[in-house]
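The next block holds one structure in the form of structure tokens; read it before the comments.
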Number of protein chains: 2
Amino acid sequence: MHNPAMNTMTTSNDYEQQLRQAGVRITRQRRIILNILSDSEDHPDALEIFRRAVEIDNSISLSTVYRTMKLLEEQGAIHRHAFNGGPSRFEHAGSDHHDHIIDMESGDVVEFHSEKIERLQEEIARELGYEIVHHRLELYCRKIKK
Amino acid sequence: MHNPAMNTMTTSNDYEQQLRQAGVRITRQRRIILNILSDSEDHPDALEIFRRAVEIDNSISLSTVYRTMKLLEEQGAIHRHAFNGGPSRFEHAGSDHHDHIIDMESGDVVEFHSEKIERLQEEIARELGYEIVHHRLELYCRKIKK
DNA sequence: GTTTATGCAAAACGTTTGCACCCTC
DNA sequence: GAGGGTGCAAACGTTTTGCATAAAC
């Protein structure tokens, strides 16, 4: 896909522009973290992001990672998860909403989406007098052995 | 040391028997905590359980609360939640499984259950090669204003 | 009497914050 | 140049742990 006019891809450059528009300064550190996040297929925690960042710039600090994660969360650029009540793990707020299967043996995270479940959630909340702001659906699973 | 048949107990007596059967010693502290849990309509965290326990026995310690919560969780007697990534909050593992609506303004927790959602979850997991061990569904909501 | 639980204090853990200096706009 | 961002170290809130004592079985 190579169409400079139609920019539907989520590169960290896009995010930089959006963040700039929101009045966020793009520092060297923030750029590094944004790149790490858009390159990540997994759901790293702050320490792991810090480790990956240090390989690019060994002067970066863990506090900056934490501060940046909070900022990006507020800007809606990332999502924060607390699987198993463990440390926060982050992912790029890509295009589509999705939920998570957590492999209890490996810790791997698989994403899925069910429009049916989403609708049922809305229905249930509405019946109880609530509107959903956001939700969290996590399936803690084991691989089925064949 | 004799075993009085009469003990001013609530429903936690059932739990005591089950725990005894599992080889768990019923100490004064554990009895107090079990009572607090079966009396609680809300989802208190460890500190709140500690506060309630101190009113009954002011020599109880916070470590004992934490150790007991871990034990009871392992025994399947309670469930642990980490709403919003905050401190663990606990509830008696009552009869039925249910999920949670968290009122974002008040912090109140409303319980609900949807057999349809449960079935859809199973279906999705199976299709991806997983079996669900347990799951977590939390709807972070605002009250609808009329 | 043996085994296990407790209380206390200290440590561990993930995260936030105060401050002096540095960089982006 | 002004205002916000950074690194560092120290503080934080939650949870765990080592150890000597106490209680359950």
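The chains referred to below are lettered A, B, ... by the order of the sequence lines, with proteins before strands, and numbering in each begins at 1.
For D:dT15, one of the phosphate oxygens OP1 or OP2 lies less than 4.0 angstrom from a side-chain nitrogen or oxygen of B:Tyr66. Put simply, B:Ser88 has no side-chain N or O that comes within less than 4.0 Å of OP1 or OP2 on D:dT14. Between B:Gln29 and the phosphate of D:dA24, there is no side-chain N or O to OP1/OP2 separation shorter than 4.0 Å. The shortest distance between the side-chain N/O atoms of B:Thr64 and the OP1/OP2 oxygens of C:dG7 is below 4.0 Å. A sub-4.0 Å separation between OP1 or OP2 of D:dT6 and a side-chain N or O of A:Ser59 is absent. For D:dT17, the OP1/OP2 oxygens have no side-chain nitrogen or oxygen of B:Arg67 closer than 4.0 Å.
If you chain together hydrophobic residues whose side chains sit under 4.5 Å apart, B:Val110 and B:Leu139 fall into the same group. Linking Ile, Leu, Val, Met, Phe, Trp and Tyr residues whenever their side-chain heavy atoms come within less than 4.5 Å leaves A:Ile102 and A:Phe90 in two separate clusters. Criterion: ILVMFWY side-chain heavy atoms under 4.5 Å apart, direct or through other members. Under it, A:Met69 and A:Val109 are not part of a common hydrophobic cluster. B:Ile78 and B:Val133 fall into different hydrophobic clusters, where Ile, Leu, Val, Met, Phe, Trp and Tyr are joined by side-chain heavy atoms under 4.5 Å apart, directly or via other members.
Note that the OG atom of A:Ser88 and the OH atom of A:Tyr66 stand 7.5 Å from one another [nearest 0.5 Å]. For the atom pair NZ (B:Lys116) and CD1 (A:Ile117), the distance works out to 12.5 Å, reported to the nearest 0.5 Å. B:Arg52 CZ to B:Leu37 CG: the interatomic distance, rounded to the nearest 0.5 Å, is 9.0 Å.
Here D:dT15 presents its C1' atom at 12 Å from CG of B:Leu47, a figure rounded to the nearest Å. Atoms CZ (B:Arg51) and P (D:dG13) sit 12 Å apart, rounded to a whole Å. We find that CG of A:Asn58 is positioned 11 Å from P of D:dG7, with the value rounded to whole Å. One can place CD of B:Glu16 at 9 Å from P of D:dC25, the figure rounded to the nearest angstrom. The CG-C1' distance, from A:Leu19 to D:dG4, rounds to 15 Å in whole Å. For B:Arg31 and D:dA23, the CZ to C1' distance is 12 Å, given to the nearest whole Å. One interatomic measurement links the two molecules: CG of B:Asn84 to P of C:dT15, which rounds to 14 Å at whole-angstrom precision. Atom pair B:Ile26:CD1 and C:dT6:C1' shows a separation of 15 Å (rounding to whole Å applied).
Along DNA chain D, the nucleotide nearest to B:Arg80 and the one nearest to A:Asp57 differ in position, and the one closer to the 5' end is contacted by A:Asp57. For the pair B:Leu62 and B:Arg25, nearest-nucleotide mapping onto DNA chain C gives the more 5' position to B:Arg25.
B:Ser63 comes within contact range of at least one nucleobase, with a heavy-atom separation under 4.0 Å. Among the heavy atoms of the strands lying under 4.0 Å from B:Ile60 are primed sugar atoms or P, OP1, OP2 only; no base atom is included. At a threshold of 4.0 angstrom between heavy atoms, the contacts of A:Arg20 are confined to the sugar-phosphate backbone, with no base atom among them. Across all strands, A:Arg30 comes closer than 4.0 Å only to sugar-phosphate atoms, never to a base (heavy-atom distances).
Between B:Tyr140 and A:His134, the angle of the ring planes stays under 30°, which puts this pair in the parallel group of the 30/60° scheme.
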Quiz item: Could you walk me through whether A:Glu91 and A:His79 pass the side-chain hydrogen bond (donor to acceptor under 3.5 Å, both in side chains) check?
Solution: CA-CA 5 Å; A:Glu91 71 178 322; A:His79 291 139; 4.6 Å; no
Exercise. Go through the steps to decide whether A:Phe83 and A:His100 satisfy the test ring pair (Phe, Tyr, Trp, His ring centres under 6.0 Å), and finish with yes or no.
Key: CA-CA 9 Å; A:Phe83 303 133; A:His100 298 93; 5.4 Å; yes
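Over its length, the helix from C:dG1-D:dC25 to C:dC25-D:dG1 turns its helix axis by 40°, as judged from the five terminal pairs at each end, rounded to 10°.
If you check residues 68-77 of chain B against DNA chain C, you find no residue with a heavy atom closer than 4.0 Å.
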